[in-house]
S.K.: 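First, the structure itself, so that you have it in front of you.
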Amino acid sequence: MADISTISTTIAAALASALCPDGTAQAAATGRPLVIRRGNLTQADLGDAARTLQQGCDFITIADSAESWVRVDEPLGRPWRMDTTQPATAHMAISGDTATVTVDAGATPGGTVGLRVTGLPGVAGDACSLHVATAGDTAATIAAVIAAALPGAVASGADITLPAMTTVQAINAGTLAARCVARRQQQVFIITAWAATPAARDALGCAIADALALTDWLTDENGSTFRIEARATTNDDTAMNRGVFSRPARFLVTYDTDLTRVVPAMLAGGTGIGPDVVRGDVLVGTPAS
C-alpha cells in the first residue's frame, strides 16, 4: 500500500532520474554534485561531511507535512477488485485412482490445487478438497491436507490414493491479488532545494519544477499509484548569513491506503469466484445450506 515513506522514496527516485540523467555517480544537470534524501538537512550537511553545501554540493530534501493531512471521502463502499494474476507453481495430476501433487523445480509453492470427487463413502454428490499453496508447503504437505478432508483417501508422500469406484477431477488454478481501498487521503509534501548561493538555489529549484511539471501520477514500489499536484513555491533566505539558500516547493499528494489479499482464481470446478461457482459443489466438512 502507499505510505508517506514509499511516496517520499518514489518522488526521490523520479527526481534522481530526471536530474541525474548520466547516473547518480555523476554530477547533476546543474553541473554540481547533488544529494537527494528524505527528511531535512543535518548538521553534517552544513560542514562536517565529505560533501557539504559549502563545498558546492546541492541538496534536495523531501518531507511530509502532518498539518496538511485530510481524509478524502468517496462513496465507493470499499469494493475489492482483481489486481494481478500469479501463475500456479503447484499442480495436481490424476492417474487411475491416484492423484499426485508436484511443485515446479526451484519455485516457491503457489496456486490453488485440489480434488473434486464423486462417489466417496458417506458423501452425497460431489466432494471438493482445496488447498492454496504457500511458501512453507511441499508436495507432501499439500497432499496430506487435501487427503485429510476426503473420507477414505490416503496420502503417501506426494501421492493421494482414493477409494475404488470414485470419479476424480483435478483442480488446478493460479491465484489473484485482490485490492481494496481502505482509505483515501491528501497530504502536502515539501520538496526543498538547498544550495550555497542564490544562483545555485534558483537553478536547482527550476530543475525540480521542470522535472515534475508534466508529472501528474507516480507509482510506488508496492504498485500503488498516487496523484501529485504542484502548489506554492517560495524562496527562503533566512539562513543567508550562514551561506544557506533554500526554495521549498509544496506538492499536494492524493493517495490510497489499500489492502491486498490473495484469492484463488477458480473454486471447485466453477468458472470464477462468488456467484459463478457451480451450484451443487460441496465442500467437505461444510454444512449444506
Side-chain angles (χ1 to χ4, degrees), residues 1-21 24 28-30 34-42 58-86 175-195 201-236 246-263 273-274:
M1 68 178 185
D3 178 75
I4 54 175
S5 60
T6 64
I7 290 172
S8 295
T9 302
T10 302
I11 293 173
L15 290 175
S17 176
L19 300 182
C20 303
T24 55
T30 57
L34 175 64
V35 174
I36 305 175
R37 70 153 63 104
R38 291 169 50 193
N40 215 320
L41 287 188
T42 67
D58 296 337
F59 288 80
I60 295 176
T61 59
I62 304 167
D64 49 272
S65 171
E67 297 79 10
S68 65
W69 189 95
V70 61
R71 180 170 180 143
V72 178
D73 291 324
E74 34 78 27
L76 296 180
R78 294 178 177 172
W80 289 92
R81 66 184 188 275
M82 296 309 169
D83 192 17
T84 58
T85 303
Q86 183 68 38
T175 55
L176 299 171
R179 188 181 296 267
C180 170
V181 177
R183 185 179 65 242
R184 181 166 294 165
Q185 57 254 300
Q186 291 180 329
Q187 194 163 358
V188 171
F189 283 71
I190 304 172
I191 304 174
T192 305
W194 302 86
R201 181 263 315 275
D202 293 342
L204 183 58
C206 289
I208 293 172
D210 290 346
L212 298 177
L214 298 179
T215 299
D216 296 318
W217 301 89
L218 289 171
T219 301
D220 73 0
E221 60 191 23
N222 298 322
S224 295
T225 299
F226 58 90
R227 183 174 176 83
I228 180 169
E229 305 171 78
R231 289 297 186 261
T233 300
T234 57
N235 288 322
D236 185 354
S246 65
R247 176 182 291 190
R250 293 159 181 82
F251 288 81
L252 180 64
V253 173
T254 304
Y255 64 101
D256 294 334
T257 298
D258 44 16
L259 307 176
T260 57
R261 295 289 185 272
V262 175
V263 296
I273 302 171

S.K.: Name each donor-acceptor pair under 3.5 Å that joins a side chain in residues 6-13 to protein atoms two or more places apart or in another chain, with its distance.
M.R.:
from : atom 1 : to   : atom 2 : distance (Å)
T6   : OG1    : D3   : N      : 2.9
T6   : OG1    : D3   : O      : 3.0
T6   : OG1    : D220 : OD2    : 2.9
S8   : OG     : I4   : O      : 3.0
T9   : OG1    : S5   : O      : 2.9
T10  : OG1    : T6   : O      : 2.7

S.K.: According to salt bridge (charged side-chain N to carboxylate O under 4.0 Å, His left out), who are the partners of D202, at least two apart in sequence or on a separate chain?
M.R.: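 D202: salt bridge (charged side-chain N to carboxylate O under 4.0 Å, His left out) contacts with R247.
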S.K.: Test side-chain contact (heavy atoms from CB on, under 4.5 Å) on I228 and W217 and set out the steps.
M.R.: CA-CA 6 Å; I228 180 169; W217 301 89; over 6 Å; no
S.K.: Of all residues at least two apart in sequence or in a different chain, which pass the side-chain hydrogen bond (donor to acceptor under 3.5 Å, both in side chains) check with R201?
M.R.: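 By the side-chain hydrogen bond (donor to acceptor under 3.5 Å, both in side chains) rule, R201 matches D237.
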S.K.: Do you know the tightest heavy-atom contact between I62 and F189?
M.R.: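 Taking every non-hydrogen atom into account, CG2-CD2, 4.5 Å.
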S.K.: Got a donor-acceptor contact below 3.5 angstrom from the S68 side chain to the V188 backbone?
M.R.: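 It does hold such a pair.
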S.K.: Is there a side-chain contact (heavy atoms from CB on, under 4.5 Å) between I208 and I60? Walk through the geometry before answering.
M.R.: CA-CA 9 Å; I208 293 172; I60 295 176; 3.7 Å; yes
S.K.: Heavy atoms only: give me the nearest F251-A230 pair and the separation to one decimal.
M.R.: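 Scanning both residues completely, I find the closest heavy atoms to be CD2-CA, 3.6 Å.
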S.K.: With sequence neighbours left out, what residues match S17 under side-chain contact (heavy atoms from CB on, under 4.5 Å)?
M.R.: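 None.
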S.K.: Just how far is it from atom CZ of R38 to atom CG of D64, taken to the nearest 0.5 Å?
M.R.: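 The CZ atom of R38 sits 8.0 Å away from the CG atom of D64.
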S.K.: Under the rule for side-chain contact (heavy atoms from CB on, under 4.5 Å), what residues qualify as partners of A63, not counting sequence neighbours?
M.R.: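 For A63, no residue satisfies side-chain contact (heavy atoms from CB on, under 4.5 Å) once neighbours in sequence are set aside.
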S.K.: When W194 is tested against each of D58, D236, T61 for side-chain hydrogen bond (donor to acceptor under 3.5 Å, both in side chains), which residue passes?
M.R.: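 It is T61, the one option of D58, D236, T61 that forms the side-chain hydrogen bond (donor to acceptor under 3.5 Å, both in side chains) with W194.
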S.K.: Could you pull out all residues at least two apart from R81 that satisfy salt bridge (charged side-chain N to carboxylate O under 4.0 Å, His left out)?
M.R.: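 R81 satisfies salt bridge (charged side-chain N to carboxylate O under 4.0 Å, His left out) with no other residue.
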S.K.: Among residues at least two apart in sequence or on other chains, which ones pass salt bridge (charged side-chain N to carboxylate O under 4.0 Å, His left out) with R37?
M.R.: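 R37 satisfies salt bridge (charged side-chain N to carboxylate O under 4.0 Å, His left out) with D45 once adjacent residues are dropped.
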S.K.: So, do L34 and L19 sit near enough that their side-chain heavy atoms are less than 4.5 Å apart?
M.R.: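 L34 vs L19: side chains touch.
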S.K.: Could you tell me which residues satisfy side-chain contact (heavy atoms from CB on, under 4.5 Å) with V70, sequence neighbours excluded, listed by chain and number?
M.R.: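 If we apply the side-chain contact (heavy atoms from CB on, under 4.5 Å) test to V70, skipping adjacent residues, the hits are Q186.
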S.K.: Taking the side chain as everything from C-beta on, heavy atoms only, tell me whether Q86 gets closer than 4.5 Å to L176.
M.R.: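 When only atoms from C-beta onward are counted, L176 and Q86 do not touch, as no gap falls below 4.5 Å.
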S.K.: Checking D258 now: which residues fulfil side-chain hydrogen bond (donor to acceptor under 3.5 Å, both in side chains) with it, not counting sequence neighbours?
M.R.: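 Here the qualifying residues are R179, S224.
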S.K.: Taking only residues two or more places apart in sequence or in another chain, which ones pass side-chain hydrogen bond (donor to acceptor under 3.5 Å, both in side chains) with N40?
M.R.: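 None.
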S.K.: Would the distance check show the side chain of Q185 and the main-chain N or O of Y255 forming a donor-acceptor pair, the cut-off being under 3.5 Å?
M.R.: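 Yes, Q185 side chain to Y255 backbone: donor-acceptor pair under 3.5 Å.
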S.K.: With a 4.5 Å heavy-atom cut-off, do D256 and R184 have their side chains touching?
M.R.: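 The answer is yes, as the side chains (C-beta and beyond) meet within the 4.5 Å cut-off.
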S.K.: Not counting sequence neighbours, which residues clear salt bridge (charged side-chain N to carboxylate O under 4.0 Å, His left out) with R183? List them please.
M.R.: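 Checked R183 against salt bridge (charged side-chain N to carboxylate O under 4.0 Å, His left out); zero matches.
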S.K.: My understanding is that only residues two or more places apart in sequence, or in another chain, count here; which of them pass side-chain hydrogen bond (donor to acceptor under 3.5 Å, both in side chains) with T30?
M.R.: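 Expected list: none.
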S.K.: Flag the pair L204 / F59 as yes when at least one side-chain heavy-atom distance between them is below 4.5 Å, and no otherwise.
M.R.: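 A side-chain contact is absent here, since even the closest heavy-atom pair is not under 4.5 Å.
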S.K.: Looking only at side-chain N and O atoms, does T225 offer a donor or acceptor that is under 3.5 Å from a partner on T219?
M.R.: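 On atom types as modelled, these side chains qualify, holding a pair under 3.5 Å.
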S.K.: Any heavy-atom pair between the side chains of L15 and I191 that's under 4.5 Å?
M.R.: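 Side chain of I191 against side chain of L15, heavy atoms only: contact under 4.5 Å found.
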